[in-house]
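Taking it in order: structure first as structure tokens, then the write-up.
Just so you know, residue 1 is the first one in the sequence shown, and it goes up from there. Order of appearance sets the numbers: ligands from 1, and atoms from 1 within every ligand. Treat the numbers as computed from the prediction; the structure is a model and nothing was measured.
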Amino acid sequence: MESKDKVVLTYGTFDMFHVGHVRLLERLSYFGDRLIVGLSTDDFNARKGKKAVISYEDRASILRSCRFVEEVVPEKCWSQKVLDIRRFNVDVFGMGDDWQGEFDSLKSLCQVVYLPRTIDVSTTEIRANVLRHSA
Ligand code: CTP
């Protein structure tokens with residue numbers, strides 16, 4: 001019997017792509033053979049009250065250029081995770097540990113992992129630093 005590729009799935013906005021993102025994607029990629037990123041669309045972010053500096057299309061291009069990422073798909077709503085896990089035959093669902101416990105309900109469908117965030121870097125902090133330096 002042929003063994004199938006092990007598929008890993010994560011979600012996020014990945015605005016102003018930074019080293020915390022790179023390290024998360026690198027560590028997640030080691031859980032399997034293919035890492036798929038569900039990238040929050042600008043519409044979905046607007047509904048969450050979040051506005052990315054970089055457009056969806058550009059964030060997707062940046063992510064696709066990352067060697068740890070195999071595929072980028074749009075994340076349009078909260079409820080699509082179950083459908084995506086089934087559609088992509090996902091083995092491992094992973095997020096940073098700021099989401100610890102939030103997606104435990106998916107454990108009936110696949111392995112769920114929360115990885116430690118890289119300390120001292122976030123999109124929010126970079127934005128604040130840029131504003132401080134330009135004031
Ligand atoms: N992440 C991480 N380490 C960081 C920042 C983010 O591991 N220092 C992870 C998050 O836990 C998440 C993914 O990267 O699983 C995407 O996070 P995102 O919210 O897009 O990035 P943040 O920098 O946390 O953005 P914000 O400050 O807007 O929340």
Side-chain angles (χ1 to χ4, degrees):
M1 203 175 85
E2 265 181 44
S3 65
K4 84 161 189 73
D5 275 359
K6 202 168 171 192
V7 179
V8 185
L9 177 66
T10 192
Y11 292 89
T13 298
F14 297 93
D15 191 22
M16 304 173 80
F17 196 62
H18 59 65
V19 71
H21 295 147
V22 175
R23 290 194 183 137
L24 178 85
L25 297 171
E26 176 171 18
R27 285 174 293 153
L28 284 176
S29 73
Y30 298 149
F31 279 85
D33 306 298
R34 296 203 300 128
L35 173 61
I36 302 175
V37 178
L39 181 62
S40 300
T41 62
D42 295 329
D43 276 358
F44 183 41
N45 275 334
R47 277 186 277 132
K48 286 189 277 183
K50 192 167 179 167
K51 186 164 175 23
V53 173
I54 300 175
S55 70
Y56 173 84
E57 286 72 20
D58 288 356
R59 286 181 285 119
S61 294
I62 292 165
L63 276 172
R64 282 194 198 99
S65 76
C66 174
R67 66 190 161 106
F68 305 115
V69 176
E70 175 90 13
E71 195 176 343
V72 178
V73 298
E75 183 194 29
K76 297 178 177 169
C77 64
W78 288 109
S79 59
Q80 79 182 64
K81 293 186 179 68
V82 170
L83 296 175
D84 286 348
I85 288 171
R86 294 200 173 116
R87 180 157 72 115
F88 298 116
N89 214 345
V90 169
D91 298 282
V92 181
F93 175 90
M95 296 290 291
D97 64 3
D98 45 326
W99 293 96
Q100 187 69 45
E102 292 287 331
F103 301 108
D104 284 358
S105 62
L106 301 175
K107 284 181 178 171
S108 59
L109 300 171
C110 63
Q111 185 186 352
V112 175
V113 295
Y114 303 98
L115 305 187
R117 274 172 72 94
T118 301
I119 54 160
D120 290 341
V121 60
S122 71
T123 302
T124 307
E125 225 169 289
I126 294 171
R127 271 174 107 136
N129 275 340
V130 170
L131 288 174
R132 253 197 308 277
H133 285 292
S134 60

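Close approach of ligand 1 to Asp98 is summarised as follows: ligand atoms under 4.0 Å from at least one heavy atom of the residue are 10 (C), 11 (O). Close approach of ligand 1 to Thr124 (heavy-atom distance below 4.0 Å) involves ligand atoms 26 (P), 27 (O), 28 (O). Shown in contact with Gly20 at under 4.0 Å from a heavy atom are these atoms of ligand 1, numbered in order with element: 2 (C), 3 (N), 4 (C), 7 (O), 8 (N). Atom numbering of ligand 1 starts at 1 in the shown order; those under 4.0 Å from a heavy atom of Thr13 are 20 (O). Close contacts of ligand 1 with Leu24, meaning ligand atoms under 4.0 Å from a residue heavy atom, involve 7 (O), 9 (C), 13 (C), 14 (O), 15 (O). Numbered from 1 in the order shown, with element, the atoms of ligand 1 that lie under 4.0 Å from a heavy atom of Ser122 read 23 (O), 27 (O). Annotation for ligand 1: atoms under 4.0 Å from non-hydrogen atoms of Phe14 are 13 (C), 16 (C), 20 (O). Those atoms of ligand 1 with a heavy atom of Val121 less than 4.0 angstrom away are 4 (C), 5 (C), 8 (N).
Below 3.5 Å of separation, one finds an N or O of Arg117 facing an N or O of ligand 1. Looking at ligand 1, you won't find any N or O of Asp97 less than 3.5 Å from one of its N or O atoms. Taking only nitrogen or oxygen atoms, main chain and side chain alike, Thr118 reaches within less than 3.5 Å of ligand 1. The distance criterion of under 3.5 Å between nitrogen or oxygen atoms is met by Gly96 with respect to ligand 1. Any N or O atom pair closer than 3.5 Å counts here, and Ile119 shares no such pair with ligand 1. The distance criterion of under 3.5 Å between nitrogen or oxygen atoms is not met by Tyr11 with respect to ligand 1.
No donor-acceptor distance shorter than 3.5 angstrom exists from the side chain of Arg117 to the backbone of Asp97, with no hydrogens or angles considered. In this structure a side-chain-to-backbone donor-acceptor pair under 3.5 Å is present from Asp33 to Lys6.
With respect to Ile36, the side chain to side chain contact (heavy atoms under 4.5 Å, CB included) criterion is satisfied by exactly one of Glu71, Glu70, Arg87: Glu71. Here the rule is side chain to side chain contact (heavy atoms under 4.5 Å, CB included) with Thr41, and of Leu39, Asn45, Asp43 only Asp43 fits it. Each of Lys51, Lys48, Arg59 was compared with Asp42 under the salt bridge (Lys or Arg N to Asp or Glu O under 4.0 Å) criterion, and only Arg59 meets it.
A salt bridge is absent between Lys50 and Asp15; no separation between the charged side-chain nitrogens and carboxylate oxygens falls under 4.0 Å. Under 4.0 Å is where a charged nitrogen must lie from a carboxylate oxygen, and between Lys81 and Asp84 no such pair does. Taking the charged nitrogens against the carboxylate oxygens, Arg67 and Glu26 have no contact shorter than 4.0 Å, which rules out a salt bridge.
Between Phe44 and Trp78, the ring-plane angle classifies as perpendicular under the 30° and 60° cut-offs. Ring geometry for Phe17 against Phe14 counts as tilted: the plane angle lies between 30° and 60°, on a 0 to 90° scale.
Which of Met95, Glu125, His21 comes nearest to atom 18 (P) of ligand 1 through a heavy atom is settled by distance: it is His21.
Heavy-atom separations between Arg23 and ligand 1 are all 4.0 Å or longer.
At most 12 non-hydrogen atoms from other residues, nucleotides or ligands lie less than 6.0 angstrom from CZ of Arg86.
When only non-hydrogen protein atoms are considered, atom 19 (O) of ligand 1 lies nearest to Lys50 NZ, 3.8 Å.
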